[in-house]
Amino acid sequence: MEEPDRFANGDYTNDVAPGMREKKVDRNFDGGRHGGDIRGIIDHLDYIRDMGFTAIWPTPMLENDMDSYYYHGYSITNHYRVDPRYGSLDEYKELSARARQMGLKLIFDEVLNHIGINYWWMNDLPFKDWINFAPPHPYTGSNHRRTVNQDIYASKYDKKLWSEGWFDKTMPDMNGKNPFMSAYLIQNTIWWIETLQLGGVRQDTYGYSDKTFLKNWSCSIMQEYPNFSMVGEEWSYNPLITSYWQQGTKNKDGYSGCLNTIMDFPLQDALVKSLTGHEDADYNPPFTKLYEMLANDFVYTNPNQMLLMGDNHDMDRLFMQLNQDVAQTKMALTFLLTVRGIPQVYYGTEILMDNTGHDKVDGLIRADFPGGWKGDSVNAFKGLGLNPDQLSMQAFLKQLLNWRKNNPMITAGQTLHFAPVNGVYVYFRYNKDQTVMVVMNKGNEAATIQTDRFDEIIKGRRSAVNLFTNETINISQGITIPPKTATVLTLKAN
Ligand code: CA
């Protein structure tokens, strides 16, 4: 996942586009445009591939003709125009083709719920109900109370505000209940899938739109492209809220949409809280929160299709969430890349990009990737000027990602986990051919665990290879795990 404006500037001639409201580029202003673009991504696809990633998700690159603070791309003002500051449609197609040649899927970030207030049609709406609470109605914001969707006590008043209120004063709410709007958005999705030969769609603010429309949209796309992948953003820490949208879920109200992947905010939250220790140690040993959140997977139709992340562009950098602890950050990434689901890594995680001291400041969370601009004193693409911790993390993630993508017991295997004991959490990922054991030791001291507890899965195997050290160790006499480490062991057949 990356911010096109902040990743790399591959074309200085497009930094300022004629006719756009934002008139300048200013890298010293966190809310302004910094000049990154499609060419910058194309120029560094080899870096992304070599790191071991298999897909790229740039945040929206359609026209956002707004004032400052709209570099993020979620205030679209034309559904069929690439923002000229990112490049042309031909460059977008080139990005897709080059990525595909390198084995990278291109994910399109789409926004069905809202637009930017400067959208040309706001001056001449085709229908009175094209936009919810359309002017001259006074501004009416969403209450952001996503629980009302299933809440048996929820008022009609709150339900209407949730779904029809605007996401923000500058983001009018599109009315999916209008059949012409619904058709417009479905056709637009298909047009981009065909034009860019997309590998997937990431759908913003899922749940904020009318849910009958969301069903029509998601099922129309999946009917047309049965093997397609679409992920929805439902920012709730409650699996009962997130699972509602996944294809095949038997909801009490009979609702059944066609989205195959949902973002796993519940597991993200549990991971960080488990590592930072906000747990009740008297009753729940460390990692219980994580263990018990993963235990909620019974609510999902397909847990292996959940999208995992340590952070994203709307929350503090993972490194900051983990109090700038390098060892814990490695533990978190090891978990994300070995547990079930589809992992997503935010650009710059590999070099410990950080917004410490600037809590939730979007423009600083979405900082420039060093080396993406001419004259940058640090060049992370080439490893120049990085400190030892950054170099270590970059190498660590590269090894883990490249290993992961070739190991189906991780990408598509089954899961077995054991209740945490003494600050150590053990889980296995396996298929008929291979078994991987992951041991997470949160403590500040080495931990030795006996393996007889895991007989049902180890089945008498006596040795295993450590992914990170490549050592073969005897596991029959117990395993010693260094402090603050997640160890990945591939069991040998012996
Ligand atoms: Ca540029």
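We use all heavy atoms of the structure for the numbers below, so side chains are in, but hydrogens, waters and symmetry mates are not. In listed order, ligands and their atoms are each counted from 1.
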Engineer: With sequence neighbours left out, which residue pairs that include part of residues 108-124 fulfil the salt bridge (Lys or Arg N to Asp or Glu O under 4.0 Å) condition?
Structural biologist: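 Output for this query lists Asp109-Arg202.
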
Engineer: Going by the ring-ring contact (aromatic ring centres under 6.0 Å, His included) test, which pairs reach into residues 323-350, not counting sequence neighbours?
Structural biologist: Phe335-Tyr427

Engineer: Is any protein N, O or S atom closer than 3.0 Å to the Ca ion (ligand 1), and if so, which?
Structural biologist: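 Listed by chain and number: Asn9 OD1, Asp11 O, Asn14 OD1, Asp15 OD1, Gly35 O, Asp37 OD2.
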
Engineer: What residues, two or more places apart in sequence or in another chain, satisfy side-chain contact (heavy atoms from CB on, under 4.5 Å) together with Ala55?
Structural biologist: Lys105, Ile107

Engineer: Any ion pair linking Arg39 and Asp37 (charged N to carboxylate O, less than 4.0 Å)?
Structural biologist: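 So Asp37 does not pair with Arg39 through a salt bridge.
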
Engineer: Between Arg27 and Asp15, does at least one N-O distance fall below 4.0 Å, as a salt bridge requires?
Structural biologist: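 Salt bridge between Arg27 and Asp15, a charged N being under 4.0 Å from a carboxylate O: no.
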
Engineer: Are Lys360 and Asp316 close enough for a salt bridge, meaning some N to O gap below 4.0 Å?
Structural biologist: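 Asp316 and Lys360: salt-bridged.
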
